[in-house]
Every structure is written in C-alpha cells, then in structure tokens.
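Reviewing the structure listed below.
Count residues from 1 along the sequence. When reading the values below, keep in mind they use all heavy atoms of this one structure, side chains included, and skip hydrogens, waters and symmetry mates. What you see is a predicted model; the values in this text were computed from it and never measured.
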Amino acid sequence: MASPTSSSELPLKSIPGGYGFPFLGAIKDRYDYFYFQGKDEFFRSRVAKYRSTVFRANMPPGPFISSDSRVVVLLDALTFQILFDTSKVEKRNLLDGTYMPSLSFTGDIRTCAYLDPSETEHSVLKKLFLCFLASRHDRFIPLFRSSLSEMFIKLEDKIAEKNKVVDFNPISDSMSFDFIFRLLSDGTPDSKLAADGPGMFDKWLAFQLAPLASIGLPKIFSILEDLVIHTMPLPFFLVKSGYMKLYNAFYSCSDSFLAEAEKQGINREKACHNLVFLAGFNAYGGMKVLFPILLKWVGTAGEELHRNLADEIRAAVKEEGGLTFSAIEKMSLLKSVVYEALRIEPPVPFQYAKAKEDIVVQSHDSAFKIKKGEIIFGYQPFATKDGKVFENPEKFIGDRFVGEEGEKLLKYVYWSNGRETEEPTPEDKMCPGKNLVVLMARVIVVEFFLRYDTFSVEVNDLPLGPSVKITSVTKAAVTV
C-alpha cells in the first residue's frame, strides 16, 4: 500500500462533529448507537457526514452512569495507534470507556487492567503475570489439548444425540473455563465448579458490561431496556455469591501464584482478586468471544480453505511426530487464518485513553489536534478494516498474511491493545497473554482439522460476540 503523506505535508484540521446539547446530546447519541442505527452504522454514517475518520461524538452509556460521555473518535489504522503510546495518553480507569464499574466487582480494589503504566503497582502486577505465564509455557499445549479433547467428546455426543444443529458456544465456554482454571491455578475444578463456573463468570461479566451493550429486544422495548441497563449501573450484590465462590476456589488452589505475589510485596487477597480478574475478564471473557469468532470465519470460508488447512496441518504434525511448537511454526496458512480472524472481528472492539498533553494525530490525509484531558476512543473493527491499508478489508481472506508482503501488514493488527509485531512489557497496556491467545487460537483450528475434513456453521449475533451453531461435520478420511 502507498505510504501515508508525511506529517509536514498534512493539513491541520479542526476535529469535526460535536456533542449536542448537554445531557440531551448524549441521550440522542446513545439511542442512535443502540437502537436507531446500531454501532457500525453509527460510526459509518458519521464518517460519511463529516468526510473524516476522526470526529467528535458521545459514547455510551452516558447519563446517568458516566459523568462525561464526550470523546474524540478514531476510526482509521493510523490515528488508532496513538492509543498505544502511553507516553502521550493515559489509561487510568478507562478499560470500559467513559464509566467504570463499581470496585465491588473486583474486591474493592483497582485491578491491573484499570491501572495506568505510570502507577508503580501496574508494572509490579503485570510483571508478575508475565513471569507466571512464562513459567507455565510448557503446560500450554498439553493442558489445552486435554481440555479440547473433552470439548470434542461433548460436541460429537451432541451431534450423535441430535443429528442436527449443535450450539458451539456453551461447549466452548465450558472448555475455556476448565483450561483457564487448570492453567492459572494449581488444581482442577471439581464437578460442581466445572458445571457452574462458566455461568458465574458470565453473570459477573454481564453486570459490569451491561451499560455498553444492547440485549437485542424488539425496538418497542428500547425505552425499557435503556432505563434498566443504560441509566443505572447494575448492583454487585446480585452476583456476589458467585464471585466469592470463584474467588475462594482460586484462593485455595493458587498457592504458587499467591506465594510469588507475596514475594513482590502484594498481599494474597489483592493478588487473588487480580488473578480472578485475569482469569474471568481477560482470559475467559476473551476466549468466550474469540473461539466462536474463529469458528464463524473459518466455518463460513468454504471447503477450499478447509482442504488447504487440513493438508498443511496434517503434513506438519506428521513431519514433527506430533503437535508441537515447531510443528505450529511451520503452518503459515494456519497462522494467517488466525491473524485474519483477529483482524476482521477483534474480540475486544473498543479502546480508550486520555490525552496527557496536547497531541496531533495523523490520518491518511489530515492531521488533528487533540487537547490535553480529552478522552480518545478507537473503534477497532473499523481501524483494522481500513481500506487504505487492507485490500478488500471486509472480506475474510485466509492467506492475507502469508509471505513477506503479508507479514508486513501484521503491524496493523491491533487486537491485543498493541501492534501484532510487538511484545507486551510491564510498562505498556498490551495483553499479557497475547502470545498464549494466538497459540490457543491456532491449536483449536489444528484440532478441528486433525479430526474433520470440513464443517459448516450457522451464525447469529449476540451482545458479546457471535453465536455459532455447527450444522455439519465431515470426519477426517485420514488421521494423523
């Protein structure tokens, strides 16, 4: 793609758009976003109106949950990158945007995700996470394959039982919970926790994120929905029992993590609340969205891609004598497919930050000044489908990132709160499990095509990611 115009040649423009009348403007934008337009059309219509990928708008939830809903919206691949520059922007309490859920949901503490890298505790906690994950790298593939094996047994039992459409999401959620608990703790969830854990995490997540979503009720009920979940935060006490069960389960089974935290000066209670947040919000919450996204795009891509993936996967596994890190590294098409899914439908679509100083951001054709203290919002699905960076950006192209030219585009894949070409450090806000997430995504696709030649899916939208139903599978004619 052509390089963007140099900064010295870009015209400095005032940021178009506005916030409307106080209070009423935020309500109007909220109704446009959730009910009248939907989020994609909300942004698309304003890009057309202002002829700009940078503009001003109000972001939900607005009154009365957030005190100030005014943001500067960034929708292209170039301006979006300012959200990663923690020397110029601050991330304090901005994980969920213009509001922050009650600290009751996180044990009355600000967990690492809500801390800014300028806060000492952030680097201590994130370094603890990075080191802990690194210490368990040899468990990643064996543990995940074990959890996946149980998932496929459930999947095939349901296919045999019903001989029709099978809902993938709840089976995937159970597998994700099992894997995350076994990876991040020193134990295995008992049958009660294994059965109830995903639902308890789901409710805990839903109560925190409800102000950012729509339940999808018919429009006639939009006023009622808006009053219930967009005007007042949902109370913690309704999910407290489930959260405490999860907390106690991790506390009793995570001595190695908690002991290491104590060595770093973090008391066990604070460390455990951070661990539960990492497990439930970051890991389980991310996997809950990511795996259906993968199945959605791979499943709908068609039999030619399935055949090519199966051939590559089986050849590499056979050559290496099993599914190993080195076998996965040989699968260039597999890696590209995973990156393409993360590009076209990133599991975390929103990024927020606050300008630490007056800064200038540059789109492909203009420059804009953002003033100190202004909230910056990036809608990632538009930034990673920037037509000036990606050819046919709305189309899922499995081999998009294969080869030297394809790999150059990885710096525009932002799903992890950073460029795909960079690695997380204690001083940034990039996902500490970035590499593990990519590995898991690759392994689940590998396992599918070690078992099946092709499969088909039926897809619907949910408030948190897609709903995927498997409508048919063709077992592998040749097994490795």
Check the pair Phe207 / Ile229 against side chain to side chain contact (heavy atoms under 4.5 Å, CB included), numbers first and verdict last.
-> CA-CA 9 Å; Phe207 271 55; Ile229 66 173; over 6 Å; no

Is [X] reaching over with its side chain to a backbone N or O of [Y], donor-acceptor style, under 3.5 angstrom?
X	Y	result
His122	Glu427	no
Arg136	Leu183	yes
Lys91	Tyr352	yes
Lys429	Leu115	yes
Ser135	Phe132	yes
Ser254	Phe250	yes
Asn169	Val468	yes
His306	Val298	yes
Asp96	Tyr99	no
Lys434	Glu423	no

Mind checking whether [X] and [Y] have side chains closer than 4.5 Å, heavy atoms only?
X	Y	value
Asn417	Cys431	no
Arg92	Arg110	yes
Glu269	Tyr251	yes
Pro346	Thr384	yes
Lys270	Leu125	no
Ile109	Asn274	yes
Asp76	Lys388	no
Lys288	Phe201	no

Is the gap between the ring centers of Tyr414 and Phe84 under 6.0 Å?
-> yes

Aromatic contact, Phe23 with Phe64 (centres under 6.0 Å) = yes

Mind checking the [atom1]-[atom2] spacing from [X] to [Y]? Nearest 0.5 Å is all I need.
X	Y	atom1	atom2	result
Ile293	Leu342	CD1	CG	8.0 Å
Leu333	Glu312	CG	CD	5.0 Å
Asp358	Ile370	CG	CD1	10.0 Å
Leu184	Cys253	CG	SG	12.0 Å
Leu103	Asn93	CG	CG	8.0 Å
Lys385	Lys395	NZ	NZ	15.0 Å

Output yes when [X] and [Y] qualify as a salt bridge under the 4.0 Å nitrogen-oxygen rule, no when they do not.
X	Y	result
Glu422	Arg419	yes
Glu374	Arg70	no
Lys354	Asp116	no
Lys335	Glu329	yes

Would you please name every residue forming a side chain to side chain donor-acceptor pair (under 3.5 Å) with Tyr50, sequence neighbours left out?
-> none

Who passes side chain to side chain donor-acceptor pair (under 3.5 Å) against Glu404, sequence neighbours left out?
-> none

Does Lys369 NZ have over 12 foreign heavy atoms under 6.0 Å away?
-> no

Take atom NZ of Lys356 as the centre, draw a 6.0 Å sphere, and report whether it contains more than 12 heavy atoms from other residues, nucleotides or ligands.
-> yes

Side chains of [X] and [Y] only: does a donor on one sit below 3.5 Å from an acceptor on the other?
X	Y	result
Trp297	Glu340	no
Arg30	Ser69	no
Tyr19	Asp29	no
Glu225	Ser214	yes

Are Val89 and Leu83 close enough, and set up right, to give a side chain to side chain contact (heavy atoms under 4.5 Å, CB included), and what steps lead you there?
-> CA-CA 7 Å; Val89 300; Leu83 293 161; 5.6 Å; no

All heavy atoms of Gln380 vs all of Val348, minimum pair found to be NE2-O, 3.0 Å

Show the numbers, then the answer: is there a side chain to side chain donor-acceptor pair (under 3.5 Å) between Arg44 and Gln37?
-> CA-CA 10 Å; Arg44 193 176 293 114; Gln37 294 178 306; over 6 Å; no

Classify the ring geometry between Tyr35 and His230 as parallel (under 30°), tilted (30 to 60°) or perpendicular (over 60°).
-> tilted

Please state whether the rings of Phe42 and Tyr33 are parallel, tilted or perpendicular, taking 30° and 60° as the class boundaries.
-> perpendicular

